[in-house]
Number of protein chains: 2
Amino acid sequence: MIEQIPRVVVLRLPLYIRALSVLALEGKEVVNSRELGERLQIAPAQIRKDLSYFGKFGTQGRGYNVKQLMGELRHILGLDRQWSMALIGVGRLGRAILSYEGFAPQGFRIVAAFDTDQRQIGKKIGDLVVQDIKEIASTVRERGIDIGVVAVPPSEAQKAIDALVDCGIKAILNYAPVGARVPGDVQLREIDPVLALQTMTFYLKASKG
Amino acid sequence: MIEQIPRVVVLRLPLYIRALSVLALEGKEVVNSRELGERLQIAPAQIRKDLSYFGKFGTQGRGYNVKQLMGELRHILGLDRQWSMALIGVGRLGRAILSYEGFAPQGFRIVAAFDTDQRQIGKKIGDLVVQDIKEIASTVRERGIDIGVVAVPPSEAQKAIDALVDCGIKAILNYAPVGARVPGDVQLREIDPVLALQTMTFYLKASKG
DNA sequence: TCCTGTGAAATACTTCACAGCT
DNA sequence: AGCTGTGAAGTATTTCACAGGA
């Protein structure tokens with residue numbers, strides 16, 4: 001029930017959740033695939049097909065109950081629990097990540113922060129104390145950390161990622177602009193605004209000079 | 001020569017450039033598709049096929065000249081020039097984006113910053129003065145802005161994006177965690193770490209409890 | 001001999017179209 | 001009458017496999 005789900009489908013589920021939460025805020029109780037598709041710019045059949053991988057959530061002739069479908073999807077993605085994260089790198093970028101308000105409301109908490117810089121270690125940032133990267137294995141165990149967040153300079157990124165993998169971490173969010181390598185059973189996602197920009201310029205070139 | 005290139009191919013070109021720049025730093029002069037593929041975890045045939053959409057860049061029996069291929073790809077993506085960007089929203093996130101050191105070396109410069117908050121307008125951040133969003137149209141024209149960067153609260157994002165579109169901007173990097181709508185000729189990329197996390201938990205759920 | 005460039009085959013993903021439930 | 005769920009058809013993308021140049 002896990003590997004036969006197309007990757008692209010899993011990538012779209014969070015989009016559905018996000019749209020449904022907007023609909024819920026607007027007070028809408030029921031939505032059909034056409035309307036949901038219009039908001040997301042996704043074909044209605046695509047949405048129905050995607051959902052069909054996981055079960056039957058709609059009512060024929062009516063559509064989907066907004067709150068119920070949102071709950072189902074959150075459960076499917078494992079979002080009906082808290083996830084604990086460890087941050088590696090408390091430089092400028094790392095500090096921005098620590099102060100980002102978007103994680104907590106979605107159930108993601110940063111519960112530990114690491115660095116290699118002796119001047120940073122021991123410092124308090126918010127309610128976290130920056131720890132030596134050497135303590136990572138024990139801390140991951142003690143605090144039940146599920147996800148690693150990497151915000152170190154590019155040259156240090158693979159090392160940081162290897163350290164996380166060695167602790168048994170199976171999901172890493174990498175803010176460093178490098179293509180890191182991980183074993184096949186480890187999930188890795190990159191947050192790299194420059195990559196995003198570089199794919200847009202290709203299309204800009206055509207319209208502009 | 002633009003619309004018949006598969007989207008996924010365009011998404012991979014920046015990855016090739018990034019890997020090639022590492023190889024160049026390492027002093028490697030020539031690389032073949034197998035080795036490049038190993039670094040990127042992409043099949044060699046995929047790389048050769050991708051490149052074949054744009055021309056013939058390799059030498060049979062040898063491979064690709066690293067610097068030359070990098071130059072070709074940079075040209076294809078339009079990265080052999082500077083791109084000017086306008087930031088909307090100078091809150092915590094916006095300020096982090098302004099101080100991000102990763103844009104300039106890749107030819108992306110933020111040359112204007114806007115906000116709606118009267119308390120922010122007129123303030124200096126680095127060498128930029130925060131401007132009223134009302135001035136956006138004239139500033140985009142005067143400073144030749146190509147790309148908009150949105151870092152406003154979710155509730156304001158669609159408004160900010162509409163303002164950019166109205167100025168004729170054709171590429172927008174959206175940091176606000178909302179699915180915004182743009183006309184078909186406008187490129188939009190989202191930077192949303194929560195979406196990335198939410199697609200990883202699906203796979204985590206299987207291994208962990 | 002080694003490795004590119006590329007048609008052809010295989011696979012993955014999307015869209016169609018309609019039976020069937022409400 | 002309206003809309004879901006889904007096989008089947010249609011596209012898109014990836015991989016194979018090999019001719020041919022260095």
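Numbers restart at 1 for each chain; the letters A, B, ... are given by sequence-line order, proteins then strands. In this text the structure is predicted, and so the values were computed from the model without any measurement. These numbers come from the heavy atoms of this one structure, side chains and all, not from hydrogens, waters or symmetry mates.
Dense packing is recorded around CD of Q82(B), with more than 12 heavy atoms of other residues, nucleotides or ligands lying under 6.0 Å away. Residue E135(A) places its CD atom among more than 12 non-hydrogen atoms of other residues, nucleotides or ligands, all under 6.0 Å distant.
For the pair D146(B) (side chain) and S84(B) (backbone), a donor-acceptor distance under 3.5 Å is present. Judged by distance alone, with hydrogens and angles left aside, the side-chain atoms of R39(B) form no donor-acceptor pair with the main-chain N or O of G179(A) at under 3.5 Å. Not one N or O on the side chain of T139(B) forms a donor-acceptor pair closer than 3.5 Å with the backbone of I136(B).
Partner of Y64(A) under the side-chain contact (heavy atoms from CB on, under 4.5 Å) criterion, out of T59(A), N32(A), V30(A), L51(A): L51(A) alone. Screening D185(B), V186(B), L77(B), V10(B) against Y203(A) for a side-chain contact (heavy atoms from CB on, under 4.5 Å) leaves a single residue, V10(B).
Residue-to-nucleotide contacts include no donor-acceptor pair under 3.5 Å from the side chain of Q60(A) to the base of dT22(C).
Residues V149(B) and M85(B) approach most closely at CG2-SD, 4.0 Å, considering heavy atoms. Between P14(B) and Q198(A) the shortest heavy-atom distance is CB-OE1, 3.4 Å.
An OP1 or OP2 oxygen of dA22(D) is reached within less than 4.0 angstrom by no side-chain nitrogen or oxygen of T59(B).
One can place CG of L36(A) at 14 Å from P of dC3(D), the figure rounded to the nearest angstrom. Here the C1' atom of nucleotide dC3(C) and the CG atom of N32(B) are 7 Å apart, to the nearest Å. One interatomic measurement links the two molecules: CG of L51(B) to P of dT4(C), which rounds to 10 Å at whole-angstrom precision. If you take CD of Q68(B) and P of dT4(C), they are 14 Å apart, rounded to a whole angstrom. Protein atom CZ of F54(B) is 17 Å distant from nucleotide atom C1' of dT4(C), rounded to whole Å. In this structure, R62(B) atom CZ and dT4(C) atom P are separated by 11 Å, rounded to whole Å. Here dC16(D) presents its P atom at 15 Å from CZ of R34(B), a figure rounded to the nearest Å. In this structure, F57(A) atom CZ and dC3(D) atom C1' are separated by 17 Å, rounded to whole Å.
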For this session: Quick one: the dot-bracket string of DNA chain D, using Watson-Crick and G-U wobble pairs with both distances under 3.5 Å, [ ] for crossing pairs and | for bases paired to another strand.
Result: ||||||||||||||||||||||
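In this structure, of dT4(D), dT6(D), dG5(C), it is dG5(C) that holds the atom nearest to the side chain of Y64(B).
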Show the distances under 3.5 angstrom between N or O atoms of the protein and N or O atoms of nucleotides 13-17 of chain C.
{"from": "dT14(C)", "atom 1": "OP1", "to": "R12(A)", "atom 2": "NH1", "distance (Å)": "3.0"}
{"from": "dT14(C)", "atom 1": "OP2", "to": "R12(A)", "atom 2": "NH1", "distance (Å)": "3.4"}
{"from": "dT14(C)", "atom 1": "OP2", "to": "R12(A)", "atom 2": "NH2", "distance (Å)": "2.8"}
{"from": "dT14(C)", "atom 1": "OP2", "to": "Q46(A)", "atom 2": "NE2", "distance (Å)": "3.1"}
{"from": "dA17(C)", "atom 1": "N6", "to": "R48(A)", "atom 2": "NH2", "distance (Å)": "3.2"}

